[in-house]
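Everything numeric here is computed off the predicted structure, so don't read it as measured data.
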Amino acid sequence: MFQILQKRKLNDSMTLMVVDAPLIAKKAKAGEFIILRVNEQGERIPLTIADYDREKGTVTIIYQIVGKTTMLLDQLNKGDAIRDFIGPLGKASELEGHKKAAVIGGGAGCAIAWPQAKALHAQGTKVDMIAGFRNRDIVILEDEMRAASDRLTIMTDDGSNGNKGFVTDALQKNIENGADYDLVVAIGPLVMMRAVCSLTKKYGIKTIISMNPIMIDGTGMCGGCRLTVGGKTKFACVDGPDFDGHEVDFDEAIQRSRTYSEMERAAARDFKCHLMEGVEHA
Amino acid sequence: MPDRNPKKTPMPEQEPDVRNKNFKEVALGYTEEMARGEAARCLHCKNQPCVRGCPVGVHIPDFIRSIAEGDYEGAYRTLKLTNSLPAVCGRVCPQENQCEHNCVRGIKGEPVGIGRLERFAADWHMKHGKEEESHGKPNGHKVAVVGAGPAGLTCAGDLAAMGYSVTVFEALHTAGGVLMYGIPQFRLPKEIVQKEIDTLRKKGVKIETDMVIGKVLTVDELFQKGFEAVFIGTGAGLPNFMNIPGEGLVGVYSANEFLTRVNLMKAYRPEYDTPIIRPKNVAVVGGGNVAMDAARTALRLGAEKVHIVYRRSEEQMPARREEVHHAKEEGVVFNLLCNPVEIRGDENGKVASIECIHMELGEPDASGRRRPVPIDGSNFRIPVDCVVMAIGNSPNPLVRSTTEGLEANKRGCIVVKDESMATTREGVYAAGDAVSGAATVILAMGGGKDAARSIDRYIQAKA
Ligand SMILES: Cc1cc2nc3c(=O)[nH]c(=O)nc-3n(C[C@H](O)[C@H](O)[C@H](O)COP(=O)(O)OP(=O)(O)OC[C@H]3O[C@@H](n4cnc5c(N)ncnc54)[C@H](O)[C@@H]3O)c2cc1C
Ligand SMILES: Cc1cc2nc3c(=O)[nH]c(=O)nc-3n(C[C@H](O)[C@H](O)[C@H](O)COP(=O)(O)OP(=O)(O)OC[C@H]3O[C@@H](n4cnc5c(N)ncnc54)[C@H](O)[C@@H]3O)c2cc1C
Ligand code: SF4
Ligand code: SF4
Ligand code: FES
């Protein structure tokens with residue numbers, strides 16, 4: 001069992017948790033993830049290691065509440081424990097040797113982009129961070145992202161913070177204005193990553209994306225997380241989750257990500273109803 | 001006088017039409033009367049050919065005699081002398097190629113039902129038997145075991161019995177390896193596996209789940225933590241795909257994923273959150289135990305039609321005879337001498353059909369089996385909404401790639417010295433599917449035993 005030491009709400013649908021996991025904290029690197037299971041009947045879900053403290057032996061996760069498992073997780077509080085917490089899994093990001101990078105996060109993807117920006121920044125790479133959200137109210141990790149970059153641009157779809165547009169608009173503007181990026185890191189919804197990749201391909205800038213297909217074991221055993229990258233089958237949990245964005249077959253990944261969407265919606269709906277019943281009977 | 005009946009005492013089973021809709025065990029086990037009747041068929045041959053067919057050398061005529069005499073606990077104790085998981089082996093060993101293959105009674109009729117009797121004695125013990133004696137006298141030495149499948153569990157059990165302090169590190173959240181995540185409930189109830197694992201815990205074996213070795217700790221770090229030897233029993237869990245067009249479509253599973261969702265993650269039980277597609281028409285590609293398990297699982301999830309697609313002929317199928325027979329009884333359709341060439345999808349990227357080509361048998365290949373060759377222009381399609389790839393697994397590279405000096409062969413199997421199971425790294429031993437590639441439970445256990453003996457010798461020589 002893994003104890004929750006801290007819980008902080010970032011916005012209505014996103015929460016940060018600090019979890020006691022000394023063995024994982026000792027090994028964790030940017031780009032790696034953990035798999036957790038809230039309880040005995042629960043699903044195994046992957047979450048990025050957003051931060052870690054080797055000394056205190058803690059691992060930070062940031063999750064968006066999207067379905068049943070993340071709802072269950074969000075019912076736990078400081079002092080409660082998570083049943084299984086497995087990691088660090090995946091390959092650490094390969095970020096060395098770059099002079100100037102744009103790190104782009106889309107919505108919840110910012111939770112995954114932030115540690116990468118931090119790692120780049122810490123090794124002396126100049127970092128422009130571009131974060132996109134639907135509106136001002138759901139902006140997360142603003143201070144953290146600012147601290148991890150030389151320049152932070154926050155874009156909102158509706159312009160409610162003054163910067164209207166998509167992350168690709170901001171990226172294109174920076175490139176046109178002579179930001180000489182030798183690396184772009186883009187993490188967020190698949191369609192966003194696809195848009196970034198088609199832009200950077202035009203400019204010939206190396207682009208790393210972090211894929212998040214459905215996973216079970218996270219050790220290369222089930223093949224459920226497979227993707228086509230450069231025409232070859234790759235397992236995101238052991239060969240990734242970072243890949244060269246110009247090589248990934250996005251169409252296939254988008255289709256596969258919808259495998260269980262109907263069932264997941266039903267599970268979340270039933271679970272919400274169940275919660276409401278509890279409230280009504282209370 | 002031995003019973004002269006040329007046939008094995010039949011095993012009571014759930015009716016095919018009933019069992020293909022539930023996950024309860026298919027074979028129900030012998031009653032005491034049946035077991036004694038079957039035991040009476042054994043001739044107690046002096047030269048014991050059956051024993052030579054068993055990879056762990058179970059004292060077969062001895063345990064069968066105890067059953068015939070009604071001393072079931074005695075039979076169990078005899079089994080346990082050489083086999084730490086009799087309830088499992090009695091159910092899943094390919095007996096027809098091993099012990100029963102060599103049985104003299106098989107020359108003019110059916111062999112003695114050794115596996116069934118083994119299962120009977122083990123089940124009897126679970127219900128009525130006494131607690132086993134616990135730990136051997138602690139000898140103060142520490143050994144780490146990586147992987148809680150049959151190889152690792154056997155090695156751990158044997159070492160604990162010799163007095164070692166053993167810790168098993170398992171990547172998944174549950175110990176048992178393929179016994180838990182692969183072989184389905186209807187063939188090997190998970191409660192039985194867990195009982196065997198509880199017994200090990202009582203013997204003092206520590207089992208740490210959620211520990212992916214190579215990631216959270218490396219083999220070198222295990223040595224730094226004071227373990228004097230490391231056993232690697234990480235199995236062959238990496239699923240192979242065919243690399244044909246369409247394997248990325250929604251509804252294509254590896255057998256590992258399909259079975260893991262159902263067995264380990266219990267997708268068939270409503271109180272579990274695991275999602276799984278409930279397909280109507282399924283094609284399972286392959287002809288081994290894994291393929292049979294996937295096909296029969298698909299039926300139980302409610303599929304109307306389940307096809308096996310196998311490129312060789314039935315005689316060449318590696319699956320246990322009994323499983324092929326059960327699958328047929330339950331309504332699985334066998335498309336033999338057929339090979340998939342493409343999986344086709346609908347406009348939403350979901351599986352719509354599998355295109356296959358007929359094959360014929362040509363010249364023998366390296367394995368001595370006649371090689372199947374495609375018949376040009378014989379393509380045909382089977383309409384399906386789900387395809388399960390059960391064409392084999394390879395060893396997972398996680399431990400190998402993070403342990404310097406640990407050599408593997410071209411297929412990724414860890415290289416060991418015969419019998420000692422010593423790898424190319426001092427103090428590191430390995431056995432089971434990680435060494436042999438996908439094989440059998442009993443071979444993995446046999447290897448685990450050999451390794452335990454070598455580890456004991458290695459540590460005692462140093463001490
Ligand atoms: C390597 C990796 C790292 C990730 N890191 C983070 C993270 O740091 N923070 C975070 O909020 N999320 C992260 N995710 C996504 C997270 O795993 C899913 O949001 C989670 O599994 C949803 O579970 P659920 O039961 O709550 O929702 P479900 O009911 O299972 O699904 C709800 C929605 O989420 C989608 N979904 C389901 N499973 C996944 C999945 N594995 N990946 C992506 N989408 C999925 C579904 O298609 C559906 O639209 C990561 C995924 C991967 C593979
Ligand atoms: C569906 C199916 C049906 C089968 N049916 C039969 C049958 O009827 N009869 C028969 O004899 N055989 C059968 N087999 C084969 C048999 O199950 C295997 O040969 C046997 O389980 C191998 O044992 P093992 O201990 O070597 O490995 P496994 O059982 O594979 O166990 C390996 C364990 O190591 C763990 N592990 C892997 N990597 C790591 C790591 N890095 N760190 C920590 N732990 C790790 C795994 O999670 C797993 O628990 C079947 C196999 C399958 C898949
Ligand atoms: S362990 Fe397997 S091979 Fe050996 S006697 Fe038992 S059933 Fe036969
Ligand atoms: S070969 Fe058959 S008959 Fe002979 S001892 Fe073995 S089980 Fe009995
Ligand atoms: S999650 Fe199972 S292979 Fe990647």
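Contacts of A:I216 with chain B are made by side-chain atoms alone, with heavy-atom separations under 4.5 Å and no backbone atom involved. Within the 4.5 angstrom heavy-atom criterion, atoms from both the backbone and the side chain of A:R44 approach chain B. Contacts between B:L264 and chain A at a heavy-atom distance below 4.5 Å are absent for every atom of the residue. For A:R226, the part sitting under 4.5 Å from any heavy atom of chain B is the side chain, from C-beta outward, and nothing else. B:Y181 touches chain A through its side chain: at least one heavy atom from C-beta onward sits under 4.5 Å away, while N, CA, C and O do not. Contact annotation for A:F85: only backbone heavy atoms (N, CA, C, O) come within less than 4.5 Å of a heavy atom of chain B. Looking at B:N243, only its side chain comes within 4.5 Å of chain A, counting heavy atoms on both sides.
Listed options A:G218, A:G224, A:G223, A:C222 were ranked by heavy-atom pairs under 4.5 angstrom with chain B; first place goes to A:C222. Here B:M265 is the residue among B:R269, B:M265, B:K266 with the most heavy-atom pairs under 4.5 Å with chain A. When B:T274, B:N396, B:T260, B:L249 are compared by the number of non-hydrogen pairs under 4.5 Å with chain A, B:N396 comes out ahead. Note on A:R37, A:R83, A:Q255, A:M221: by heavy-atom pairs under 4.5 Å with chain B, the leading option is A:M221. Counting heavy-atom pairs closer than 4.5 Å to chain A, the top-ranked of the candidates B:N393, B:N256, B:T209 is B:N256.
In A:D12, the CG atom is not crowded: 12 or fewer heavy atoms of neighbouring residues, nucleotides or ligands sit closer than 6.0 Å. More than 12 heavy atoms of other residues, nucleotides or ligands sit less than 6.0 Å from atom NZ of B:K142. When the shell of 6.0 Å around CD of B:E404 is examined, it contains 12 or fewer heavy atoms from other residues, nucleotides or ligands. For B:K225, the NZ atom is loosely surrounded, since the number of other residues' heavy atoms within 6.0 Å does not exceed 12.
For the atom pair B:L217 CG and A:K27 NZ, the distance stands at 5.5 Å (nearest 0.5 Å). Here CZ of A:R256 is found 13.0 Å from NZ of B:K350. Values are rounded to the nearest 0.5 Å. Between atom CD of residue A:E40 and atom OH of residue B:Y272 there is a gap of 5.0 Å, rounded to the nearest 0.5 Å.
You'll find the side chain of B:L398 reaches within 4.5 Å of the side chain of A:T219, heavy atoms only. Side chains of A:L72 and B:D273 form a contact here, defined as non-hydrogen atoms less than 4.5 Å apart.
Among A:I35, A:D217, A:I86, the one residue that satisfies the side chain to side chain contact (heavy atoms under 4.5 Å, CB included) test with B:V212 is A:I86.
Proximity of a side-chain donor or acceptor of B:D210 to a complementary backbone N or O of A:D84 within less than 3.5 Å is not detected. Of the possible polar contacts, none joining the B:K215 side chain to the A:L89 backbone as a donor-acceptor pair under 3.5 Å is found.
Shortest non-hydrogen contact noted between B:M211 and A:L23 is CE-CD1, 3.7 Å.
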TODO: Go through the steps to decide whether A:K26 and B:E221 satisfy the test salt bridge (charged side-chain N to carboxylate O under 4.0 Å, His left out), and finish with yes or no.
DONE: CA-CA 12 Å; A:K26 214 163 143 192; B:E221 286 166 320; 5.6 Å; no
